[in-house]
2 protein chains.
Amino acid sequence: MKSLVLRCPIEEVMQVLSGRWPTLLIYYLKGGAKRFRDLRKDNPTIYHKMMTLELRTLKEAGIIERSEFGGYPLRVEYELTSAGHRLVPLIDALGDWWEETQGVDVNMERIDRKS
Amino acid sequence: MKSLVLRCPIEEVMQVLSGRWPTLLIYYLKGGAKRFRDLRKDNPTIYHKMMTLELRTLKEAGIIERSEFGGYPLRVEYELTSAGHRLVPLIDALGDWWEETQGVDVNMERIDRKS
DNA sequence: CGGTATCCTCGGAGATACTG
DNA sequence: CAGTATCTCCGAGGATACCG
């Protein structure tokens, strides 16, 4: 998943959203701004380093915004931009499609067996 | 991107669509059934092995269907299922969102921040 | 022609430690 | 607390050859 061949918006957006974390992070930011450490609590299996990297690419894509508050200990908050908020329903639609699809088309056999 | 923690439909659908090829393959099948070799012409940089693997996971997800016609040389065709067709507009919406976002919002916010 | 098997490498990401 | 630096390791996927 490295260099792009075409300048295709779909390929580009998938480049940003691909992988396990991006959509999860967006999901957990739906409700409003959160601190770094709270996002880690939401995603207990992600590693420190990965989270900063993932958050950075989301920021560079204009999906989230990073705010650094001075003081000690440091405090950094992330929240969805307006573009990020507009993205949420599109991702949800994919989730809905998936539930629908897996329930009906693929698992037909299972349903068959039960009846 | 291995084991899933949650039974979250979004995480699951992203598992299938993540990466460079799935959405591209879906895109190239929008117009109707295609042979294996024609899909390779559409995606000249994908390798033989990868394509069979990607096509297989798409099939297992119920997005495409595989038809094998006997004869020699062998002939295999792939086409979108009805679920696959319902997925297309959702992916397109992501592409549209991306174009819109990269053109307008991201730069806007940068300009805002400067003032 | 389409699919599988094999080998190999290269970098993503797990894990830990350190800095501001 | 958040971010960076290192080191390591494993496996996705590139490349090629062979099979049905």
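Note: hydrogens, waters and symmetry copies are ignored here, and every other heavy atom, side chains too, is used. Below, chains carry the letters A, B, ... as their sequence lines are ordered, and counting in each starts from 1.
A/Leu87 is listed as a side-chain neighbour of A/Ile63, based on a closest heavy-atom distance under 4.5 Å. Taking 4.5 Å as the limit, some side-chain heavy atom of B/Leu58 sits within range of a side-chain heavy atom of B/Pro22.
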Stepwise side chain to side chain contact (heavy atoms under 4.5 Å, CB included) test for B/Ser82 and B/Arg86: CA-CA 6 Å; B/Ser82 61; B/Arg86 277 182 280 119; 4.0 Å; yes
Side chain to side chain contact (heavy atoms under 4.5 Å, CB included) evaluation trace for A/Leu25 with A/Leu55: CA-CA 8 Å; A/Leu25 291 174; A/Leu55 288 169; 4.1 Å; yes
Side chain to side chain contact (heavy atoms under 4.5 Å, CB included) between B/Leu39 and B/Leu29, worked out: CA-CA 8 Å; B/Leu39 282 172; B/Leu29 286 173; 4.0 Å; yes
Audit row: B/Thr101, A/Thr81, side chain to side chain contact (heavy atoms under 4.5 Å, CB included) steps and yes/no: CA-CA 11 Å; B/Thr101 300; A/Thr81 62; over 6 Å; no
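Atom-to-atom, CD of A/Glu77 to C1' of D/dC1 comes out at 13 Å; the value is rounded to the nearest Å. One can place CD of B/Gln15 at 11 Å from P of D/dA12, the figure rounded to the nearest angstrom. If you measure from atom CG of A/Leu53 to atom C1' of D/dA2, you get 13 Å, rounded to the nearest angstrom. Note: NZ (A/Lys59) to C1' (D/dA2) measures 14 Å, nearest angstrom. One interatomic measurement links the two molecules: CE of B/Met50 to P of C/dT4, which rounds to 14 Å at whole-angstrom precision. Rounded to whole Å, the distance from CZ on A/Arg56 to C1' on D/dA2 is 11 Å. One interatomic measurement links the two molecules: CD1 of A/Ile46 to C1' of C/dA13, which rounds to 10 Å at whole-angstrom precision.
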Considering only nitrogen or oxygen atoms on both sides, find all protein atoms under 3.5 Å from nucleotides 18-20 of chain D and state each distance.
none

Please produce a list of atom pairs where a protein N or O lies less than 3.5 Å from an N or O of nucleotides 15-17 of chain D.
unit_1: D/dA15; atom_1: OP2; unit_2: B/Tyr47; atom_2: OH; d: 2.6
unit_1: D/dA15; atom_1: O5'; unit_2: B/Tyr47; atom_2: OH; d: 3.1

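With B/Trp97 contributing its side chain and A/Ala83 its backbone, the two residues share a donor-acceptor pair below 3.5 Å.
Note on B/Lys30 versus B/Asp92: salt bridge recorded, some NZ/NE/NH1/NH2 to OD/OE distance being below 4.0 Å. The pair A/Glu11-B/Arg20 counts as a salt bridge, with a side-chain nitrogen and a carboxylate oxygen less than 4.0 angstrom apart. A salt bridge does not link A/Glu77 to A/Arg66: none of the charged side-chain nitrogens sits closer than 4.0 Å to a carboxylate oxygen.
Within residues 29-42 of chain A, the residues approached by DNA chain D to less than 4.0 Å at the level of any non-hydrogen atom are A/Arg35, A/Phe36, A/Arg37, in residue-number order.
In this structure, B/Thr52 and A/Glu54 both approach DNA chain C, and ranking their closest nucleotides by distance from the 5' end singles out B/Thr52.
No donor-acceptor contact under 3.5 angstrom links the side chains of A/Trp21 and A/Glu54, judged on distance only.
Phosphate contact (OP1/OP2 of C/dG3, side-chain N/O of B/Arg66, threshold under 4.0 Å): present.
As judged by a 4.0 angstrom heavy-atom cut-off over every strand, A/Phe69 is placed among residues making no nucleic acid contact.
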